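Presented below is the structure to which this report refers.
Values in this document were obtained by computation on a predicted structure and should not be read as measured data.
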Amino acid sequence: MYIYRCKVCGGGWCSSRVSIACPYCTRRNFESMGFEETSGTHCFQCKHCLAKMEGQDASQPSSCPVCATDFEEAGAPSSPIIPQLPPPPTFSKKFRPPSKRSGSPPRDDVRASKRPRITEGERKERQLGRLVCVTYQCLRLSCARRWASDDKHGSHRCPFCGANKIQEIDDGQRGAFEPQLACSGCQCLVCYNAEEDAAPDSCPSCGEQGLSSESKNYKRALQRTVPTRRPTVVVDSNYKTCHRINFRHAFKQQMPTCRDLKGRWMHRRHVIPQHLLREVWDATVTGKHISHKKLEALGNALGMAIEYKSVFELATSILQTLNENQNNLFLGPGIPNSAIGAIGNALMDLVEKYSQPGAAGTSVATVIAEIKQIRAPAHWGGAVQAEVHKLIQEHLPLFASATSLDELQELMEDVADTANLDFDTTEGLGPKNAQAMALYLKFKAWVNAPGTWDDFISLMVAFMHADMVDSSSSSSSSSSSESTL
């Protein structure tokens, strides 16, 4: 209640709302005394605005202090005004409270009613029926074409030229695919670039001549026989390497590539080449019983966590760990790295070509003329081709010093095997690093005469801990980069 006192007549009163005049003398000369809860002996209520008033004596007020109209005595004290509520709703049926079985369905059930749920069995069936393609490239420079085959069969040779030197590549196209050709023998599915290349002549899996264009029927039959998916492994049933070892995604994040100050990409480069590491592994496992216990001993020596479902996955992880040895890796210019790979593969192709019985009488000058014609694939760019020509010219005097075809073949093999070491121009690497050369010689000797499994573990531990990359070179390469992936 608001408390007021008139300055003219001296009367006092309380009102439930703000007053505009004295209820006794109707003058507007009054003062407010504050606000508090009070209860007078006489309570009046206005007919017009329903405001309440409590007086200090028994005198009758002449008007309402809020709206200045007449008052009607309502008793002492007045009862509060209760608002009239609307009547409760009426139901045609008897109301029942909702239960767990009745009422609106949950949100998931509403979605399920619009789109049927896929059961676990149907999901596995769809996964089993999904074919995945793997992209390959021929390493023969005269061919260098690409194709894709289903991951159940895989490719073991080039379907265009028949060369057995192929490489699995990651071009971002791995996934479900629509095959164009199929082999009637092994039912291998093949996909190729029909706009740039002619149709392949043979199956990349079994080598059978003549591929059928009725690939849809073979695809349906193959989908019914696709087994449960396994993680990709790089070893076969005899634990020999059957694919190139790629870097894992986690390692790529740990050692990202970058650009140099001129904007050119730097590559992850090996000091000891990967193919030599694979040769050491293959020579070790050949003719030996490889058990899970032996692989665990090697994994523990390398500091790995042994948690794998099969020995093939464990062997693959060990090879990936060896391939990702950071003491054997450095960031180097990408153009020389591509040129080194092109020259090494071309020289090995020439060694294979002139090792045939019909090439025994070939002169050294004829082979050197072919060495001069070594080229990188056209899509690698002119910068790589210029680097290939430069490196070939630097090694021509070494090839010209050969007095026979056999000696020239040995020189070409040595240059191809030690390409990463001999052609390397980064300070602190290659021939300038004594540890790298010592390990290289040990690896070459091991390929020719492998030792026991314990000796192999000791060799791999020494490989993982040998610092073959000079700290000054690695720091200079990292300081020359601007951005990383």
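How far CD1 of Ile340 is from CD1 of Ile335: 12.0 Å, rounded to the nearest 0.5 Å. Of the inter-residue distances, the one linking Leu314 atom CG with Leu295 atom CG reads 5.0 Å to the nearest 0.5 angstrom. Residue Gln373 holds its CD atom at 13.0 Å from CD1 of Ile368, rounded to the nearest 0.5 Å. Atoms CD and SG, from Glu168 and Cys242 in turn, are 9.0 Å apart once rounded to the nearest 0.5 Å. To the nearest 0.5 Å, atoms CD (Glu324) and CG (Asn246) are separated by 10.0 Å. Going from atom NZ of Lys444 over to atom CG of Leu439 covers 14.0 Å, rounded to the nearest 0.5 Å.
With hydrogens and angles left out, the side-chain atoms of Thr241 and Trp281 include no donor and acceptor closer than 3.5 Å. For the 3.5 Å distance criterion, the side chains of Asp455 and Thr452 qualify, holding a donor opposite an acceptor. Defined by atom type and a distance below 3.5 Å, a donor-acceptor pair is missing between the side-chain atoms of Gln385 and His389.
Counting heavy atoms from C-beta outward, Phe443 and Leu459 have side chains that approach closer than 4.5 Å. Contact annotation: the side chain of Lys240 approaches that of Thr286 to within less than 4.5 Å [non-hydrogen atoms, C-beta and beyond]. For the pair Pro377 and Leu141, the minimum side-chain heavy-atom distance is below 4.5 Å. Considering only heavy atoms from C-beta on, Arg244 stays 4.5 Å or farther from Ile169 through its side chain. Two residues are said to be in side-chain contact when any heavy atoms from C-beta on lie closer than 4.5 Å; Ile290 and Val311 fail this criterion. The side-chain heavy atoms of Pro204 and Tyr136, taken from C-beta on, include no pair separated by under 4.5 Å. Within the 4.5 Å cutoff, the side chain of Leu322 has heavy atoms near those of the Phe463 side chain. Between Met348 and Lys165 the shortest side-chain heavy-atom distance falls below 4.5 Å.
Pairing each heavy atom of Phe247 with each of Lys252, the nearest pair is O-CE, 3.5 Å. When every heavy atom of Arg268 is checked against every heavy atom of Pro256, the shortest pair comes out as NH2-CA, 4.0 Å. Summarising the geometry of Phe160 relative to Ala199, their closest heavy-atom pair is CE2-C, 4.4 Å, with the distance given to 0.1 Å. Contact record, Ile272 with Ala436: CD1-O, 3.6 Å, taken as the closest heavy-atom pair. Nearest heavy-atom pair, His243 versus Val233, reported as atom, atom and distance to 0.1 Å: CD2-O, 3.7 Å. Nearest heavy-atom pair, Glu413 versus Val351, reported as atom, atom and distance to 0.1 Å: OE2-CG1, 3.3 Å.
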Full working for side-chain contact (heavy atoms from CB on, under 4.5 Å) between Arg140 and Cys158: CA-CA 9 Å; Arg140 179 172 289 178; Cys158 177; over 6 Å; no
query: Step by step, would you call Leu408 with Thr403 a side-chain contact (heavy atoms from CB on, under 4.5 Å)?
result: CA-CA 8 Å; Leu408 180 58; Thr403 57; over 6 Å; no
- prompt: Should Ile166 and Leu139 be marked as a side-chain contact (heavy atoms from CB on, under 4.5 Å) after you check the CA-CA gap, both sets of side-chain angles, and the distance that decides it?
  reply: CA-CA 5 Å; Ile166 62 175; Leu139 297 181; 5.6 Å; no
task: Tell me, with the steps shown, if Thr257 and Met266 meet side-chain contact (heavy atoms from CB on, under 4.5 Å).
output: CA-CA 6 Å; Thr257 58; Met266 310 283 280; 5.6 Å; no
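Thr366 places no side-chain N or O within donor-acceptor distance of the main-chain N or O of Thr362, the cut-off being under 3.5 Å. For Arg157 (side chain) and Ser205 (main-chain N/O), a donor-acceptor pair under 3.5 Å exists by modelled atom type. Formation of a donor-acceptor pair under 3.5 Å by the Lys288 side chain with backbone atoms of Thr284 is found in this model. Although no hydrogens or angles enter the test, the distance criterion places no donor-acceptor pair under 3.5 Å between the side chain of Glu387 and the main chain of Ala383. Of the possible donor and acceptor atoms, none in the side chain of Asn323 sits under 3.5 Å from a partner among the backbone N and O of Leu319.
With His270 as reference, Leu329 is the one residue of Leu277, Leu329, Leu276 to meet the side-chain contact (heavy atoms from CB on, under 4.5 Å) rule.
Within a 6.0 Å radius of NZ in Lys372, no more than 12 heavy atoms belonging to other residues, nucleotides or ligands are found. The local environment of NZ in Lys442 is sparse, with at most 12 non-hydrogen atoms from other residues, nucleotides or ligands closer than 6.0 Å.
Between Trp453 and Phe456, the ring-plane angle classifies as tilted under the 30° and 60° cut-offs.
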